[in-house]
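Chain letters run A, B, ... following the sequence lines, proteins first, then strands; residues in each count from 1. Treat the numbers as computed from the prediction; the structure is a model and nothing was measured.
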Amino acid sequence: MKKLLVIYCFLYFFANSIFANEVNVFTSRHYDSDVQLYEKFTSITGIKVNVISGEDAALEKRMIEEGNDSKADLYITADAGRLGLFDKKDMFQNSISTIIKSKVPENFRSENWTAIAKRARIIFYAKERVSKDEIKNLRYEDLSKPNWKNRITIRQSNSVYNQSLVASLISNNGIVKTEEWVKGFVNNFARDPQDNDRAQILAVASGEADITIANTYYYALMLSGQKGKDQQEAAKKVTPFFPNQNDRGTHMNVSGAGVLKTSKNSENAIKLIEFLLTKESQEHIINNTFEYPIIENIEPNELIKNSNLGNNFRQDLETPVKEYSIYQAEALKLMLKAGWK
Amino acid sequence: MEIELLEKRINIWYLSSLIISIIVAIPVVVISSSFFENTSEYSIILRETFLLDYIFNSLILLIGVLSLTSVIGIGCAYLISFYDFTGANFFKWALILSFAIPAYIYSYSLSAFFENYGTAYSILRGIFGEGNHNLYIPKLDGMLGAIIAISFSIFGYVYVLTRVSFHYQSQNLIDLGKNLGFSKKKTFLKIILPAARPSIVAGLSLVAMETLSDFGSVSFFGVSTLTTGIYNAWIAFDDLTLANRLSFYLLIFIFGLLILENISRQKAQYHSPSKDSLKTKNKIKLYGYKSAFAFIFCFLVFFISFIFPVVQMGYWTYLFPKYLFELNLINLLSNTLILVFFSCSLLIAFGILSNYGNRITKSKFLQILTTFSISGYAMPGIILAVAYITFISYLDENLLQLKNYNIKSLFIGSIFGLILVYFIRFYSLANNGIKAGYLKINYSIDESAYLLGYSKIKTFNKIHLPYLKNSIFLVIILLSIEIVKELPITLIMRPFNFDTFATTAYAYASQDLLEAAAAPAIMLILISSAFILITSKLILKDQQ
């Protein structure tokens with residue numbers, strides 16, 4: 001009995017897993033719905049999915065330092081810039097199978113990683129305080145103009161979503177113009193940047209600001225009633241608007257995945273990515289996280305459709321999301337220099 | 001003769017103390033090595049833009065938290081130790097419950113209550129009907145929110161340590177004030193407070209370290225402090241070198257504060273209570289408005305620090321019970337308890353070993369070395385964990401190069417590795433707690449024991465241990481709660497499929513589902529409260 005206990009303790013402490021047919025996932029996405037998908041994957045393929053979730057930079061550092069000894073097979077995170085940066089460190093292998101290629105549009109993947117879901121960073125405004133003329137054909141670029149003085153709220157510059165947005169502006173308009181833009185934009189802030197995207201939308205609803213930029217799923221979460229009745233009502237006071245519809249389209253970001261160079265179960269990892277790109281998985285993702293599907297012909301969630309957040313807007317398909325990583329640091333530099341807290 | 005002397009000095013006690021000190025010093029060594037590497041352009045950008053802001057904010061936060069924790073911690077300890085008023089016996093232990101609430105969960109509660117269309121709004125709408133009540137709700141966010149959240153979740157250090165010190169102050173000291181014709185206020189300021197200073201400072205330095213290395217609350221409230229700079233350097237500019245350097249400066253600053261305090265303290269002499277003076281203290285009975293004031297003061301602190309976050313989390317759990325039912329309670333509980341059990345055992349055992357070793361060898365070198373152990377507590381948890389990972393990786397690749405043994409998977413991503421990093425993080429807590437107990441045992445007792453023919457082990461078992469029991473219990477509660485609440489280290493160091501209540505709460509909170517985070521948060525609070533209630537009874541009983 002004692003021996004058994006010792007063996008058990010040893011296994012508990014030192015052996016991470018003893019399954020042969022498995023895939024080890026490091027992810028900065030913490031959704032329960034993702035875990036449900038992994039469970040479904042296991043029930044179909046018999047491949048066990050082991051998960052460690054955490055903050056992206058910390059997970060990346062751990063994989064880098066573990067090096068060849070790392071057990072990680074697949075890394076999933078929610079920003080194209082971070083995926084690109086990790087790729088630049090030569091951490092991914094080319095895992096883009098023909099199935100992945102056939103399903104994911106080219107600008108939403110690189111050689112070594114692919115998007116599994118899309119996010120749109122759009123404008124939300126208060127109808128009674130923003131005129132029709134002001135909102136008509138609005139572009140991100142217009143938000144630096146003086147008519148928005150003291151009317152804009154947005155989260156801090158250390159938000160990676162803001163960094164990617166500004167990176168996409170640099171990619172399209174160049175550094176000099178973007179620097180000008182950031183200065184004007186920051187000058188229009190109604191309050192010091194703070195809190196998450198949902199708090200920005202609530203600030204517009206309560207009258208602290210007239211307009212904000214936020215990811216759509218925060219808004220959908222409030223509309224769904226998961227944040228209580230009062231926030232559901234508050235969300236209805238705010239109108240979503242997709243900017244840049246007459247040129248390149250609305251800024252898109254992604255949740256994406258890549259197989260590690262040192263992966264010992266790379267086949268399983270690719271299988272898991274392909275599974276996440278099936279119709280059923282994509283529907284599961286959009287219905288739970290309110291992101292946008294990455295493959296075609298997926299009906300949007302009812303809630304999304306009814307609140308004018310559906311698929312029928314022009315997405316920025318010109319700016320490859322992998323470029324965000326090139327300009328992210330530069331973007332933050334401009335933001336900090338302009339006094340964006 | 002010389003060899004004999006050497007043998008006498010380098011014995012097992014000396015060696016084990018040395019080894020512990022070296023392990024605990026790993027993160028400091030790693031982050032100080034950053035001065036031999038190049039940093040990115042962020043160091044220049046930071047200097048040109050927000051560096052002064054960050055330093056200023058860190059200082060304001062520090063001053064704010066130290067002031068607030070002093071007022072509520074010392075205030076409550078004073079009222080409860082010297083006066084008898086309605087509820088005093090209840091508040092004596094109830095105020096310790098604030099330890100059960102981690103600063104990040106306190107932040108969730110504060111923000112959820114006071115945000116636009118938050119709980120406060122719902123209450124006002126319930127009473128006054130529709131209307132934009134947001135305008136009348138104070139915005140407890142930003143710096144104010146951070147100060148409140150951090151203060152009310154960690155003032156317990158000041159309260160507990162000050163109360164113990166007040167408790168052991170002899171009646172003679174108070175009578176002295178009376179005989180000198182001092183007013184109560186003057187007695188408090190001139191005699192009682194100075195005599196308790198070492199304990200108050202010990203509590204405040206723990207508070208200072210937690211405040212300066214906090215990232216969870218300040219980022220939640222959008223306050224940019226030095227830790228924001230550390231994070232930006234590492235995460236956005238991919239410049240861990242600069243992040244490490246900034247952490248090092250933070251450490252230097254904290255050491256500077258501690259040294260300053262030490263120097264100023266050495267000028268003063270402190271009264272150490274003799275044992276027979278303990279039992280004689282009479283509490284002053286309060287009546288009327290004085291009693292009401294004492295009650296209201298303690299009640300407010302108890303309400304704000306414990307009832308408020310518990311009710312907010314409980315309200316959500318009640319509204320969304322499915323998140324509670326979805327929790328894998330047995331699994332989360334056993335994971336949490338295993339971490340607590342093994343980490344506490346290890347920390348206590350080595351804390352005793354090291355203190356005993358220092359006592360026997362009387363080595364100044366060892367004593368200085370162990371002071372550095374405080375660094376584990378004074379740097380952001382995540383930076384500590386990353387320093388540890390970097391060290392193991394370096395050790396494996398450059399020094400050991402063992403082909404057949406996989407050092408990394410033994411030390412990174414295993415329960416063993418996780419416990420080892422907890423050890424580094426919390427060693428100063430264990431060590432200093434036990435040291436405080438040892439300081440009360442006079443050296444002459446040891447010598448008498450040896451004369452009586454006691455062995456070193458027997459001296460420890462029969463003489464030290466009974467004296468140390470209280471300190472050890474106190475350290476066990478503090479450690480257990482710290483480990484139950486610990487988040488950044490657990491997140492990065494844990495093995496696959498390993499969750500605790502803290503990581504589960506974090507996972508929900510990071511999806512902006514604070515409602516869902518409430519269920520694991522409530523469980524976490526329950527467990528910590530249970531630890532407090534079980535052990536506090538033992539401690540309170542012993543004191544009486």
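B/F237 CZ to A/E330 CD: the interatomic distance, rounded to the nearest 0.5 Å, is 8.5 Å. Of the inter-residue distances, the one linking A/S70 atom OG with B/I412 atom CD1 reads 9.0 Å to the nearest 0.5 angstrom. Atom CD1 in B/I137 sits 9.5 Å away from atom OG in A/S206 (nearest 0.5 Å). B/N497 CG to A/Y38 OH: the interatomic distance, rounded to the nearest 0.5 Å, is 11.0 Å. The line from CD1 of A/I201 to CG of B/N116 is 12.0 Å long, rounded to the nearest 0.5 Å. Atom OG of residue B/S122 and atom CD of residue A/Q231 lie 8.0 Å apart, to the nearest 0.5 angstrom.
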Evaluate the side chain to side chain contact (heavy atoms under 4.5 Å, CB included) criterion for residues A/K61 and B/W234: first the C-alpha distance (whole Å), next the side-chain angles of each, then the deciding distance (0.1 Å), finally the verdict.
-> CA-CA 10 Å; A/K61 178 68 183 170; B/W234 175 33; 4.0 Å; yes

Please lay out, stage by stage, how A/E208 and B/K139 fare under the test side chain to side chain contact (heavy atoms under 4.5 Å, CB included).
-> CA-CA 12 Å; A/E208 272 188 81; B/K139 293 280 166 292; 3.6 Å; yes

Assess whether side chain to side chain donor-acceptor pair (under 3.5 Å) is satisfied between B/R494 and A/S53, documenting all intermediate values.
-> CA-CA 9 Å; B/R494 62 188 166 150; A/S53 64; 2.9 Å; yes

Does the side chain to side chain contact (heavy atoms under 4.5 Å, CB included) test come out yes or no for A/E66 and B/I389, once each step is laid out?
-> CA-CA 8 Å; A/E66 284 177 340; B/I389 291 175; 5.8 Å; no

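Closest of all the heavy-atom pairs between B/A236 and A/L332 is CB-CD2, 3.2 Å. Residues B/E115 and A/R198 come closest through the heavy atom pair OE2-NH1, 3.3 Å. Minimum heavy-atom separation, A/K227 to B/D512: NZ-O, 2.7 Å. In plain terms, the two heavy atoms of B/I382 and A/A58 that are nearest each other are CD1-CB, 3.7 Å. Considering every non-hydrogen atom in both B/F221 and A/Q194, the closest pair reads O-CB, 4.4 Å. The minimum heavy-atom distance linking A/A57 with B/I235 is given by the pair CB-CG1, 3.4 Å.
Under the 4.5 Å side-chain criterion, counting only non-hydrogen atoms from C-beta, B/R125 is in contact with A/D230. Side-chain contact check for A/Q156 versus B/S224: some heavy-atom pair is nearer than 4.5 Å. In this structure, B/E41 and A/K333 have side chains that are in contact, with non-hydrogen atoms separated by less than 4.5 Å. B/Q511 is listed as a side-chain neighbour of A/Y31, based on a closest heavy-atom distance under 4.5 Å. The shortest distance between side-chain heavy atoms of A/H30 and B/Y506 falls below 4.5 Å. Under the 4.5 Å side-chain criterion, counting only non-hydrogen atoms from C-beta, A/F26 is in contact with B/F496. Between A/I52 and B/F498, every side-chain heavy-atom pair lies at or beyond the 4.5 Å cut-off. The side-chain heavy atoms of B/K408 and A/N68, taken from C-beta on, include no pair separated by under 4.5 Å.
Only the side chain of B/L240 comes within contact range of chain A, with at least one heavy atom under 4.5 Å from a heavy atom of that chain. Heavy atoms closer than 4.5 Å to chain A are found in the side chain of B/S510, but not in its backbone. Interface remark: B/T228 contributes side-chain atoms only to the contact with chain A (heavy atom separation under 4.5 Å). Neither the backbone nor the side chain of B/D499 comes within contact range of chain A, judged by heavy atoms closer than 4.5 Å.
In this structure, B/F320 places its CZ atom where more than 12 heavy-atom neighbours from other residues, nucleotides or ligands lie under 6.0 Å away.
The residue among A/L221, A/T289, A/L202 with the most heavy atom pairs within less than 4.5 Å of chain B is A/L202. Listed options A/L336, A/V49, A/V35, A/N158 were ranked by heavy-atom pairs under 4.5 angstrom with chain B; first place goes to A/L336. Per-residue heavy-atom pair counts under 4.5 Å with chain B were compared for A/L85, A/N196, A/V160, and the maximum is reached by A/N196. Contact count against chain B (heavy-atom pairs under 4.5 Å) is highest for A/R82 among A/E60, A/Q328, A/R82. Each of A/Q163, A/Q226, A/R29, A/R155 has some count of heavy-atom pairs under 4.5 Å with chain B, and the biggest count is that of A/Q226.
The side chain to side chain donor-acceptor pair (under 3.5 Å) pairs that include a residue from residues 42-52 of chain B are B/T39-B/S43, where partners are two or more places apart or lie in different chains.
A donor-acceptor contact closer than 3.5 angstrom is absent between the side chains of B/S409 and A/D69. Checked by atom type, the side-chain pair A/K229/B/Y117 shows no donor-acceptor distance below 3.5 Å.
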